[in-house]
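Just so we're on the same page: letters track the sequence lines, and every chain starts at 1. Being a predicted model, the structure only gives us computed values, none of them experimental.
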Amino acid sequence: MRIENGTVVSHVPMGPHYRVLTLNLPDVTLTAIPGQFVHLRITQLHDAVLRRPFSIYKVDGQNLSILYKSVGRGTTAMQALGTGDLVSIVGPLGNGFPTNLAAGLTPVLIGGGYGVAPLYFLARTMSQRGVLFVGGAKAVDILLADEFKAIGWDVHIATDDGSLGVKGLVTAPLNTWLKSAVGRFTPEFYACGPNGMLKAIGDLAIKNNWKAWLSLDRHMGCGVGACLACVQKVRLNGQESLARVCKDGPIFESHEVIWDD
Amino acid sequence: MRIENGTVVSHVPMGPHYRVLTLNLPDVTLTAIPGQFVHLRITQLHDAVLRRPFSIYKVDGQNLSILYKSVGRGTTAMQALGTGDLVSIVGPLGNGFPTNLAAGLTPVLIGGGYGVAPLYFLARTMSQRGVLFVGGAKAVDILLADEFKAIGWDVHIATDDGSLGVKGLVTAPLNTWLKSAVGRFTPEFYACGPNGMLKAIGDLAIKNNWKAWLSLDRHMGCGVGACLACVQKVRLNGQESLARVCKDGPIFESHEVIWDD
Amino acid sequence: MGLFLSHMKLFGMTNMQPTLEINLAGIRMKNPVMVASGTFGYGPEYADLVDLNQLGAIVVKGISMESWGGNKTPRMVEVPGGLINAIGLQNPGTKGFTEKYMPFLRKYDVAVIVNIWGKTLEEYAAVAEWFDTVEGVHALEINISCPNVKAGGSSFGVHLDSTARVVAAVRAKTKLPLIPKLAPNVSDIGAFAKVCEDNGADALSLINSFPAMAIDIETRKPILANVSGGLSGPAIHPIAVKLVYEAAKAVKIPLIAIGGITSAKEAIEFMIAGASAVAVGTANFTEPLTALQVIDGLSDYLARHKMSKVQELVRSIKL
Amino acid sequence: MGLFLSHMKLFGMTNMQPTLEINLAGIRMKNPVMVASGTFGYGPEYADLVDLNQLGAIVVKGISMESWGGNKTPRMVEVPGGLINAIGLQNPGTKGFTEKYMPFLRKYDVAVIVNIWGKTLEEYAAVAEWFDTVEGVHALEINISCPNVKAGGSSFGVHLDSTARVVAAVRAKTKLPLIPKLAPNVSDIGAFAKVCEDNGADALSLINSFPAMAIDIETRKPILANVSGGLSGPAIHPIAVKLVYEAAKAVKIPLIAIGGITSAKEAIEFMIAGASAVAVGTANFTEPLTALQVIDGLSDYLARHKMSKVQELVRSIKL
Ligand SMILES: Cc1cc2nc3c(=O)[nH]c(=O)nc-3n(C[C@H](O)[C@H](O)[C@H](O)COP(=O)(O)OP(=O)(O)OC[C@H]3O[C@@H](n4cnc5c(N)ncnc54)[C@H](O)[C@@H]3O)c2cc1C
Ligand SMILES: Cc1cc2nc3c(=O)[nH]c(=O)nc-3n(C[C@H](O)[C@H](O)[C@H](O)COP(=O)(O)OP(=O)(O)OC[C@H]3O[C@@H](n4cnc5c(N)ncnc54)[C@H](O)[C@@H]3O)c2cc1C
Ligand SMILES: Cc1cc2nc3c(=O)[nH]c(=O)nc-3n(C[C@H](O)[C@H](O)[C@H](O)COP(=O)(O)O)c2cc1C
Ligand SMILES: Cc1cc2nc3c(=O)[nH]c(=O)nc-3n(C[C@H](O)[C@H](O)[C@H](O)COP(=O)(O)O)c2cc1C
Ligand code: FES
Ligand code: FES
């Protein structure tokens with residue numbers, strides 16, 4: 001973990017609702033792995049005391065990219081960032097996804113909205129190719145489908161309004177695929193998206209004795225494990241405890257997570 | 001008094017330390033007179049609750065200009081204002097200078113730093129020409145000297161470091177001129193600048209039974225007479241009272257001002 | 001059927017005009033949005049910018065029996081998210097105010113609430129007695145919580161017994177609706193609310209500004225001539241919400257919430273927490289149209305949430 | 001002569017290295033800048049970013065006798081100029097903390113102050129007794145002012161008698177320097193400071209966060225699972241300065257000032273008002289290097305103001 005001022009290398013829209021911010025971060029990029037995130041300070045907001053967490057979407061040499069959606073005052077203020085601006089970053093943070101998969105297992109990635117960002121970093125890192133299921137409200141919320149295809153992944157799409165791919169939740173095409181895949185593949189899930197989706201994927205994995213690596217999204221204070229704002233109830237070897245999503249997570253295996261709050 | 005969103009028409013530096021901000025303000029410009037000021041809201045400072053007061057430097061048709069120096073967080077943030085930006089203005093505020101001078105009197109204007117801004121508006125409005133004494137720390141703090149000359153005013157300059165005009169306070173060249181002027185002219189002073197200067201000019205006027213119109217500078221809250229943050233002890237027809245610099249001022253005649261706090 | 005539904009929808013969206021009118025402890029207001037004492041002068045100051053007839057009520061700057069000069073300057077300093085003021089309750093006194101400003105205020109169709117204070121119990125009572133018979137005064141707000149005067153002010157408002165005595169003394173002198181204004185710097189706001197209710201208060205205002213201070217580190221002198229003053233503005237809002245929530249649990253009388261309102265959002269938050277009305281203070285300086293914007297925003301919110309009366313919002317917090 | 005003078009000048013400007021070292025109630029610190037309880041974990045969390053050896057002291061997150069789970073989430077919400085937290089004092093308990101974190105902390109040359117709390121008087125005493133014999137613990141900060149736990153916490157800190165009892169009970173169990181941490185939501189901080197001093201406190205920390213609350217106006221639910229929490233950050237700084245100033249008038253023991261420090265400016269303001277040391281809290285989240293920046297800024301300020309010792313700044317307010 002480092003603290004570093006990153007220079008904005010580029011800041012480009014991805015469709016109407018998302019943007020990709022690329023920063024030059026020689027130190028932070030050194031150790032970054034898929035599933036980790038960075039904590040970004042928005043100095044334009046004089047009255048903001050908290051940084052904002054964003055999954056690492058890409059690492060190219062010394063450049064690190066995040067893929068974000070403007071949902072509130074911070075992410076809206078971020079839109080003003082221009083090439084050459086300095087942005088204070090703390091990272092890489094969190095545990096990250098396990099990337100070396102046991103033989104015979106097929107990586108199955110499930111992403112919702114910006115949730116595909118860390119999954120893309122994962123896919124680019126994995127030796128093996130697999131299947132991506134991506135869901136969103138509308139066609140415009142389906143991100144990176146082509147990028148995944150370009151690196152040889154099998155991509156399945158679902159949208160709530162059916163404007164792209166299957167109409168409905170991402171679990172619909174997933175279940176269809178699983179039926180067809182029975183016997184031929186044993187999936188290992190990697191999911192990032194809304195809690196409802198994560199829970200559904202987790203239950204599916206538990207029911208079938210598969211593994212599902214879930215990236216949790218919690219409001220954060222420090223991002224480094226100090227403030228205990230981001231805790232999640234988990235079960236680790238039989239023992240219930242409170243894990244810090246920022247430090248012990250954000251990635252948890254489905255059997256560990258206790259969803260009760 | 002109006003509240004109006006003014007579009008930035010231009011925003012240009014005047015020397016190294018000052019800038020001229022020109023706003024299109026159809027309503028505010030209608031009634032503005034010399035010596036009045038506007039209250040400007042700096043929306044870039046999310047955590048600022050007070051507007052900032054600035055003397056009116058120029059009114060050209062629907063355009064109003066202020067001449068300002070960056071001295072703190074607000075005036076520094078103002079530098080970011082660009083053409084087309086909207087700025088919320090309350091104004092015109094305050095009483096303003098009396099502009100029609102009794103026959104036989106010579107208008108003598110004394111300004112320090114940005115204090116020449118309202119005096120220039122005054123000079124442009126007066127039917128009569130007169131003398132300007134302008135002082136500042138260095139040559140770069142002597143503003144508008146040429147503009148005053150261009151409209152036929154006799155300009156005298158003093159700087160603390162002697163880098164332009166007489167070395168010393170603006171009262172030095174003033175006193176020299178007064179000696180030479182004795183009998184020939186009866187001056188009426190109009191002054192805007194630091195309290196020390198205002199007090200000196202006021203005392204001079206009182207001693208000689210002249211009039212001196214002083215523009216006071218007080219920290220302000222509301223700018224409209226509601227909060228009583230800006231009060232100045234004054235004597236009006238024998239009666240001591242607390243005048244509101246924003247509403248009853250900022251212009252007071254030297255005999256009215258009680259300098260004790 | 002689909003058509004019928006869409007008509008219903010249309011109807012709901014367009015024709016529903018939520019009513020903002022309230023009757024607060026006998027004070028009729030067009031809406032629950034007032035301007036707070038000391039931040040709006042006596043009425044005329046903002047009249048060029050704000051149509052006073054659109055406000056729920058105007059609470060005028062604190063008035064004492066005799067005129068009072070207040071503190072030396074500097075009296076105000078801006079801090080991040082707020083300002084500290086130490087005006088010191090400068091005012092023209094009961095007679096001066098009544099003669100100079102009441103004729104103006106009577107011309108408007110808006111509730112006028114006079115904020116009163118005294119250095120002694122007797123002074124509080126005397127001011128109340130004076131205003132009891134002044135035409136056009138709709139209610140009295142009792143300032144027992146001003147952080148900026150040595151005698152009186154806050155020293156009354158932070159002790160239960162003196163709070164009780166002031167409220168009772170004022171109650172004895174007037175039939176006007178009485179609104180004690182509570183100090184924020186107490187550990188049990190509920191107890192103070194209750195003692196006011198028990199002694200005849202018809203409503204409560206909360207809160208006043210917080211005792212606070214700023215020092216110029218270069219000169220090492222306090223920035224305010226009065227050394228310390230009262231903090232107001234957005235900075236204090238989350239504390240005020242908590243105090244309003246606690247007071248609402250302690251009393252039945254209506255509450256007027258004050259503290260860091262800059263938009264309808266904070267006003268709505270206050271009402272959900274338990275306030276029947278709100279007052280805009282410091283924001284009048286930042287943006288004189290704030291109170292009017294709050295009124296519009298409140299109306300939009302009620303329509304959007306299908307509430308026909310603003311009263312439905314009061315104390316509607318879901319735990 | 002001119003030459004001599006300019007040498008003097010040169011000397012004054014370049015060679016004068018002000019000393020920041022302090023001995024606070026027997027706790028030796030390299031400088032008066034600490035990190036506040038609950039905002040810096042137990043030490044390891046920020047160790048990658050901040051050289052712990054450069055800090056004046058580390059105050060660890062509040063510890064109770066037995067481990068404690070704290071509140072449900074959401075536990076934190078950002079508000080303008082600050083945040084509201086309701087962590088609820090989650091901690092591994094005396095044994096868990098001592099085994100898991102003290103070996104790490106002992107490796108550093110920095111004062112370690114343990115923030116302790118209990119739900120009963122007995123628990124406070126028991127925790128104090130435990131730490132009395134733990135190697136590497138330099139002092140105890142007694143949290144009698146946490147707004148986020150139903151039992152204990154703040155309920156002790158807002159009453160003089162219970163404050164006295166807690167301090168006395170803890171005092172009886174340990175020779176370690178004792179630092180009660182005062183609640184901000186009291187009307188007479190001086191009285192609380194005095195009662196702590198009279199009952200054996202060696203220093204005081206002030207202040208803790210303010211009881212505060214935020215409501216989601218769309219759902220009308222409190223944003224925090226605990227309904228309310230504690231406000232911290234720049235928003236509370238001017239109130240904290242006033243409380244420190246008042247406490248300094250009431251007691252002789254040294255004060256540790258806390259509240260909204262984001263740079264050397266606020267730290268210097270606190271020391272001028274009466275603090276012997278300061279602690280950085282929320283700003284650790286915004287900018288983990290804040291404490292180090294405060295140390296540098298403080299040193300520069302002292303040099304610029306020709307002070308050779310940081311102690312010259314303490315209580316140096318000019319009235
Ligand atoms: C581990 C992790 C990875 C993330 N990765 C991405 C990403 O790759 N792309 C992306 O667009 N967003 C991502 N998010 C969500 C992102 O952090 C929020 O959208 C952002 O913090 C919103 O800030 P705001 O000021 O615009 O919203 P506001 O609502 O104004 O923020 C107010 C407060 O709530 C917090 N907050 C609001 N929404 C969220 C949220 N969904 N998760 C956590 N905190 C929130 C903010 O951090 C801030 O403290 C991630 C969140 C986490 C925890
Ligand atoms: C009637 C009047 C006319 C003025 N005309 C001009 C002008 O034409 N050009 C110009 O450059 N300046 C003018 N000033 C001064 C100008 O208002 C301040 O420089 C400005 O408010 C500083 O704001 P800041 O945020 O940069 O400074 P900060 O120090 O960060 O401001 C903090 C607070 O102090 C107040 N403040 C600081 N300095 C002054 C000051 N000198 N006078 C009043 N309030 C102050 C600010 O308004 C703000 O409320 C005038 C002031 C008054 C009262
Ligand atoms: C400049 C100023 C003057 C004030 N004068 C008074 C007063 O005379 N009487 C009173 O009860 N409150 C007074 N107040 C307190 C306000 O009415 C209000 O309670 C406080 O400012 C909090 O609200 P806000 O955060 O919206 O400003 C004053 C506040 C300010 C800023
Ligand atoms: C997330 C968080 C957790 C805290 N936990 C504790 C605690 O365990 N014990 C304690 O005495 N104070 C605790 N505090 C209070 C801080 O130590 C400090 O007193 C307060 O935040 C004010 O300082 P600041 O404005 O610099 O944050 C906590 C504050 C925060 C923000
Ligand atoms: S965000 Fe502070 S512990 Fe996770
Ligand atoms: S600034 Fe408010 S009365 Fe003058």
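Looking only at heavy-atom pairs under 4.5 Å with chain D, the residue among S88(A), C230(A), S241(A), A48(A) that has the most is A48(A). For the set G82(D), G38(D), P74(D), the count of heavy-atom pairs under 4.5 angstrom toward chain A peaks at G82(D). Of the listed residues (L242(A), V224(A), V49(A), I3(A)), the one with the most heavy-atom contacts under 4.5 Å to chain D is V49(A). With respect to chain A, the highest number of heavy-atom pairs below 4.5 Å among T39(D), T262(D), N284(D), L83(D) belongs to L83(D).
Interface remark: P80(D) contributes backbone and side-chain atoms alike to the contact with chain A (heavy atom separation under 4.5 Å).
The pair R73(A)-E78(D) meets the salt-bridge criterion, since a charged nitrogen lies less than 4.0 angstrom from a carboxylate oxygen. With respect to K95(D) and E66(D), no salt bridge is recorded, no charged nitrogen being found less than 4.0 Å from a carboxylate O. Salt-bridge check for K199(A) with D203(A): passed, with a basic side-chain N closer than 4.0 Å to an acidic carboxylate O.
Note: W68(D) and W117(D) have perpendicular aromatic rings, judged against thresholds of 30 and 60 degrees for the angle between ring planes.
Ring pair F97(D)/Y42(D): centre-to-centre distance below 6.0 Å.
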